**Q** 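One structure follows; several queries about it will come next.
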Number of protein chains: 2
Amino acid sequence: MKKLDRIDRHLLALLQQDARLTSHELAERVGLSPSPCARRIRRLEQQRLIQRYRAELDRERLGLGMTVFVHVKLSRHQDALVEAFEAAVADMPEVIECHTVSGAFDYLLQIVSADLKGYERWVRQLQTLPMVNTVDSSFAIRAVKRAGALDLRDARPSDDES
Amino acid sequence: MKKLDRIDRHLLALLQQDARLTSHELAERVGLSPSPCARRIRRLEQQRLIQRYRAELDRERLGLGMTVFVHVKLSRHQDALVEAFEAAVADMPEVIECHTVSGAFDYLLQIVSADLKGYERWVRQLQTLPMVNTVDSSFAIRAVKRAGALDLRDARPSDDES
DNA sequence: ACCCATATTGGCAGACCATGCCAATATTTT
DNA sequence: AAAATATTGGCATGGTCTGCCAATATGGGT
């Protein structure tokens, strides 16, 4: 697999900020002509370094201004229960993000809902899962930085298949 | 401001998953013809319900597989210091997300770096800020769900200006 | 129930952008 | 230095978007 050069990194950085830039605009900014520029982008897509393109919506304007970070501990850690928990969580549309984490808790989740009522509905639903032990809610008061772009300075593609 | 109808919600949901769908493809899926479809999308953009379009990169493949959740407490909460902290954090490219939160800590941050060494560099940098009291790191072991789409069932646009 | 005002729709023409090839240039290897 | 390889830049083609039009659907008022 090829190493990323300065231009590839530049393209990724630009597309991270605005996926609607045309090949011509991108070409100007990185100092290339549109053709090789489009080609490099196609390669980045095929290498899956670019996963997908998506529209980013405004939560506040959509009336989905409530963000909650939830720490969860399970009571039993048998494989089947862990998998059931993760599958259930992945299927809940209110769950924007979920990671297993080190430390005092097993999972950290980010929940988005319209209001407290919606959040309570979700928590109730979560509590019905039998392997859930503790649920610790921390409400987001204000977003200082949201959906920041990845810092590509240290990025080096791992050699996977195509 | 107009209320969102079923088609608007459907369009937002589709574009959240794939911003590269053409007007024609979108039109088919929502049961409309391309023209009004494109028009509705333009309106959603002008209303800023669609904030922007961005390319989503693959952290693992880029060699940026380390995600850390960091709880921060400040020692002094004078306005100037709080603002200085937030400005500093917003300017750090390793910081993907930062929220003020309720509970035992003041801030919850998501950090992405290539490896532990990169993370340590960032923590050191953070510790140089004089108003920082405690820094509590929780390493992400595995992502169960990442960048989930917003659930639009309860979405109702807040009446802002255009 | 009717009619009018408004908003939305569907299709078409022109401009824009992306894709696939070509020869030409730069880079690397032997 | 010479050959092989990879990358570049430009052009023609095809697809997509944009701005208008008349036609249809929607909603309000009498």
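Each chain gets a letter, A, B and so on, in the order the sequences are listed, and its residues count up from 1. Values in this document were obtained by computation on a predicted structure and should not be read as measured data.
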**Q** dA18(C) P sits how many Å from L15(A) CG, rounded?
**A** 11 Å
**Q** Could you state the atom-to-atom distance from CG of D5(B) to P of dG27(D) in whole Å?
**A** 11 Å
**Q** What's the separation between atom CZ in R6(B) and atom CZ in R9(B), rounded to the nearest 0.5 Å?
**A** 8.5 Å
**Q** H24(B) NE2 to dT9(C) P: how many Å, rounded?
**A** 17 Å
**Q** So, OP1 or OP2 of dT8(D): does either fall under 4.0 Å of a side-chain N or O from R40(A)?
**A** yes
**Q** I want to verify a distance call: between dT8(C), dT7(D), dT18(D), whose nearest atom is closest to the R42(B) side chain?
**A** dT18(D)
**Q** Quick check for you: among dG9(D), dG10(C), dT7(D), whose closest atom lies nearest to any side-chain atom of P36(B)?
**A** dG10(C)
**Q** More than 12 heavy atoms of other residues, nucleotides or ligands under 6.0 Å from CG of D5(B): yes or no?
**A** yes
**Q** What is the distance from CG of L32(B) to C1' of dT24(D), rounded to the nearest Å?
**A** 13 Å
**Q** Nearest whole angstrom, please: distance from the C1' of dG10(C) to the CD1 of I7(B).
**A** 13 Å
**Q** In whole Å, what is the span from the CZ atom of R20(A) to the P atom of dT16(D)?
**A** 14 Å
**Q** Could you check how far CZ of R39(A) sits from P of dC22(C), rounded to whole Å?
**A** 12 Å
**Q** D106(B) and side-chain hydrogen bond (donor to acceptor under 3.5 Å, both in side chains): which single residue from K73(B), H77(B), H99(B) fits?
**A** H77(B)
**Q** Which part of the nucleic acid, if any, lies within reach of S33(A) when heavy atoms closer than 4.0 Å are counted: base, sugar-phosphate only, or nothing?
**A** base
**Q** Tell me, yes or no, whether the heavy-atom count around R156(A) atom CZ, taken from other residues, nucleotides or ligands under 6.0 Å, exceeds 12.
**A** no
**Q** With heavy atoms under 4.0 Å as the rule, sort T22(B) into base, sugar-phosphate or nothing.
**A** sugar-phosphate
**Q** Given the structure, check if the side chain of S35(B) and the base of dG11(C) hold any donor-acceptor pair shorter than 3.5 Å.
**A** yes
**Q** Closest heavy-atom contact between Q16(B) and R54(A)?
**A** O-NE, 2.9 Å
**Q** Check the distance between dT18(D)'s C1' and E45(B)'s CD and give it to me in whole angstrom.
**A** 13 Å
